[in-house]
Amino acid sequence: MNPVNSYQSDMYPDANGHFGPYGGRYVAETLMPALIELEKAYTAHVPEPQFQKEFKLLLKNYTGRPTPIFFAQRLTTALGGASIYLKREDLTHTGAHKINNTVGQTLLAKWMGKKKIIAETGAGQHGVATATTAALFGMACKIFMGVEDIVRQAPNVKRMELLGAEVVPVESGTGTLKDAMNEALRYWVSAVRDTFYVIGSVAGPHPYPVMVREFQKIIGKEARVQIMEASGRLPDLLVACVGGGSNAMGLFHAFMNDPIDMLGVEAAGEGITTGKHAATLCAGSVGVLHGSKSYVLQDEYGQINEAHSISAGLDYPGVGPEHSLLKDFKRIQYVAIDDYQTLDAFSSLCRLEGIIPALESAHAVAAAMIEAKKRPKDDIILVNLSGRGDKDLGIVGPLL
Amino acid sequence: MNRINDAFTQLKQTKETALVGFVTAGDPDINTSLKIITAMCENGIDILELGVPFSDPTADGPVIQRSSARALQHNVSLKTVLEMIREIRTTTSIPIIIFSYYNPILAYGIDAFYPDAVDAGADGVLVVDLPMEEAGELTSQWPENEFSLINLVAPTTPKDRMDKIVKSASGFLYLVSKTGVTGSDGLDTTEVKTQMDILRSVTDLPVCVGFGISTVEDVAAVASLADGVVIGSAFERLIEKNIDSPDLVQMVGLVTAEYKHATK
């Protein structure tokens with residue numbers, strides 16, 4: 001089967017936000033008018049030349065785009081296989097790809113006349129990025145964050161506070177990303193009339209999955225040109241980690257019609273067989289969580305299971321609906337990398353390349369290292385290094 | 001036979017407003033829950049809304065979140081809820097509405113749900129995170145009038161959207177009194193009246209109002225505007241507060257009678 005012909009990315013989503021059987025808007029009626037208003041504003045404003053001009057100028061001068069691609073020569077040599085290139089999203093302002101999307105959404109909020117911003121965060125990268133753009137536009141900002149994540153990603157909590165955001169601790173459930181999103185949705189129901197909810201991934205109800213993809217697709221657009229310049233041809237394989245899936249969609253989208261392989265890397269946590277993982281696409285089933293239909297981790301009665309990962313940004317029992325469709329089409333292959341493999345890759349990148357990756361991104365690096373060994377030397381692998389790892393020193397320190 | 005229509009017809013004749021009582025099924029445990037529900041039925045609720053516990057109740061405030069968590073500790077599933085309805089149905093003829101998030105229904109199977117729910121004795125379902133745009137998948141095969149999908153109308157729902165909602169609605173409409181989650185404070189009857197007036201202009205269906213109604217005074221105020229008053233978090237708060245009391249069931253019965261009195 002030729003994967004390129006089977007998945008027509010321009011066909012999705014449909015008018016109601018469906019990616020085939022996935023996506024849609026599964027929310028309380030109170031939120032529906034707000035989502036419809038958002039969809040209208042997104043459709044009307046984002047394509048406008050003035051919006052695009054402002055957006056691109058901010059991406060260039062504020063977030064520091066384009067980010068480079070970097071040939072990881074020592075890592076490549078150490079593995080003895082395919083060449084590994086890194087798309088350096090870790091070099092953006094605030095240190096992760098998340099800022100691309102928050103610049104886009106906060107700009108849209110400004111165009112819509114909203115003055116209050118809320119967001120959920122797991123690792124804190126989306127929270128920091130949202131707090132940053134809220135500060136830039138002079139908007140009030142509340143970030144919902146699980147208590148467990150507040151402990152394990154403490155530096156990012158301090159950053160958000162310095163940027164003027166209020167960090168709201170979420171104690172329900174396991175105190176992780178899922179619970180933060182529950183609470184953000186609850187708050188949004190009460191404040192929907194004047195508040196813009198900046199969702200951080202290609203998840204949630206329509207139009208978020210498509211909107212976040214469109215704001216993140218700059219990653220792949222740049223990378224496609226850069227890799228052509230660097231190597232004279234397209235890569236053979238793209239690799240990105242998948243929690244909700246925004247950095248993966250961001251990299252993959254521009255290559256969707258190219259005849260190349262794509263690998264989405266989920267978190268296997270302590271191992272898929274232990275049940276303590278966040279490998280939604282590899283080990284989940286179809287359900288509805290946080291406003292859209294997609295693969296989720298759940299029991300036979302439809303109760304959502306807790307996810308587990310060393311990486312707070314991947315510690316989520318859902319995934320963006322477009323990934324679910326891409327899995328069904330077999331356009332993207334999804335694999336899972338456990339905590340130990342992740343730490344090993346984290347260490348390798350630190351020592352061989354002088355780059356401290358985010359634990360999320362280290363999952364992608366780990367999968368790329370496995371693939372590189374299997375592939376011939378003239379193959380090219382392009383990895384999305386979605387964020388930097390300073391925030392993870394508290395977790396990694398005692399383990400390495 | 002349509003128990004929902006019959007109930008509203010009868011209430012109209014006696015000039016009463018429906019008291020709609022919500023509890024989470026299986027809270028604090030299945031047996032006590034069944035006793036609580038029986039006490040509510042015996043003391044005057046006109047419609048029962050039975051909540052299916054869910055791990056991630058994003059439209060609910062802390063009180064119902066905790067009630068859901070307690071029921072889940074007893075592994076209460078949609079299947080359990082249908083079994084409970086079958087038992088409740090042997091002692092009451094009031095309408096029973098299943099109140100659920102969509103995922104437990106999806107996991108149960110949308111094809112099996114309808115016949116099993118009707119067979120157990122339920123009269124309708126309210127799916128809190130299933131707006132009309134997505135409801136077709138669930139309801140497209142249902143025969144009309146036998147089983148209702150209860151639609152929600154929110155304070156944010158504009159008139160043109162209400163128009164569309166009422167076209168596919170049956171049974172009654174559930175008007176959310178305020179922007180917020182269940183159990184929020186501060187009932188604003190002026191806002192309720194504004195939405196009620198618009199809603200009345202687009203439909204003849206009965207309208208029940210819920211969210212944030214907790215005192216007898218609230219009930220009386222809303223009863224003068226609507227066809228039904230929904231009490232949920234207030235019952236759950238009572239259950240939580242008296243969870244270890246031997247008088248819990250009796251207390252729920254007494255409070256139900258007080259609420260019912262305010263609807264007459």
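Residue numbering restarts at 1 for every chain, and letters A, B, ... go by the order of the sequence lines.
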Give a yes or no answer on whether the side chain of T30(A) reaches the backbone of T179(B) with a donor-acceptor pair at less than 3.5 Å. no

Can you tell me which of P104(B), P158(B), P131(B), A107(B) forms the most heavy-atom pairs within a distance under 4.5 Å of chain A? P131(B)

Return yes when atom CG of D197(B) has more than 12 non-hydrogen atoms of other residues, nucleotides or ligands closer than 6.0 Å, and no otherwise. yes

Between Y102(B) and chain A, which part of the residue has a heavy atom less than 4.5 Å away: side chain, backbone, both or neither? side chain

Interface check, chain A: of R161(B), K178(B), E133(B), most non-hydrogen pairs under 4.5 Å belong to R161(B)

For V153(B), is it the side chain, the backbone, both or neither that has a heavy atom under 4.5 Å from a heavy atom of chain A? backbone

Salt bridge or not for E171(A) and R66(B), using N-O below 4.0 Å? no

Under 4.5 Å from any heavy atom of chain A - which part of P53(B): backbone

Can you check whether R25(A)'s main-chain N or O pairs, donor with acceptor, with E134(B)'s side chain at less than 3.5 Å? yes

Is a side-chain N or O of R186(A) found less than 3.5 angstrom from the main chain of P57(B), in a donor-acceptor match? yes

Look only at the side chain of N103(B) and the backbone of V288(A), and say whether a donor-acceptor pair between them is shorter than 3.5 Å. yes

Does D160(B) have more than 12 heavy atoms from other residues, nucleotides or ligands lying within 6.0 Å of its CG? yes

Which atoms of D60(B) are under 4.5 Å from chain A, going by heavy atoms: the side chain, the backbone, both sets, or neither? backbone

I'd like to check Y301(A) versus L78(B) (side-chain heavy atoms, cut-off strictly below 4.5 Å). Are they in contact? no

Segment of I105(B) engaging chain A (4.5 angstrom heavy-atom cut-off): neither

Most heavy-atom pairs under 4.5 Å with chain B, out of V189(A), D299(A), L289(A), N305(A), belong to V189(A)

Comparing A59(B), A154(B), P62(B) against chain A, the one with the most heavy-atom pairs below 4.5 Å turns out to be A154(B)

Just by modelled atom types, is the A28(A) backbone N or O under 3.5 Å from a matching donor or acceptor in the D129(B) side chain? no

Where does L152(B) contact chain A at under 4.5 Å (heavy atoms): side chain, backbone, both or neither? both

Among V176(B), N75(B), L72(B), N151(B), which residue has the highest count of heavy-atom pairs closer than 4.5 Å to chain A? L72(B)

State whether the number of non-hydrogen atoms from other residues, nucleotides or ligands found under 6.0 Å of E191(B) atom CD is greater than 12. yes

Which atom names give the shortest non-hydrogen contact between T156(B) and P33(A), and what distance separates them? O-CG, 3.3 Å

Is K79(B) salt-bridged to E300(A), going by a charged N under 4.0 Å from an acidic O? no

From CA spacing to verdict: side chain to side chain contact (heavy atoms under 4.5 Å, CB included), T58(B), E183(A): CA-CA 7 Å; T58(B) 51; E183(A) 211 53 41; over 6 Å; no

Taking every non-hydrogen atom, the tightest pair across Q65(B) and S172(A): OE1-CB, 4.2 Å

Is there a side-chain contact between S55(B) and E306(A), using heavy atoms and a 4.5 Å cut-off? no

Side chains of E29(A) and T157(B): donor-acceptor distance under 3.5 Å anywhere? yes

Of the listed residues (L185(A), I304(A), I36(A)), which shares the most heavy-atom pairs with chain B below a 4.5 Å separation? I304(A)

Are there over 12 heavy-atom neighbours, none belonging to E137(B), within less than 6.0 Å of that residue's CD? yes

Closest heavy-atom contact between Q303(A) and V76(B)? NE2-O, 4.4 Å

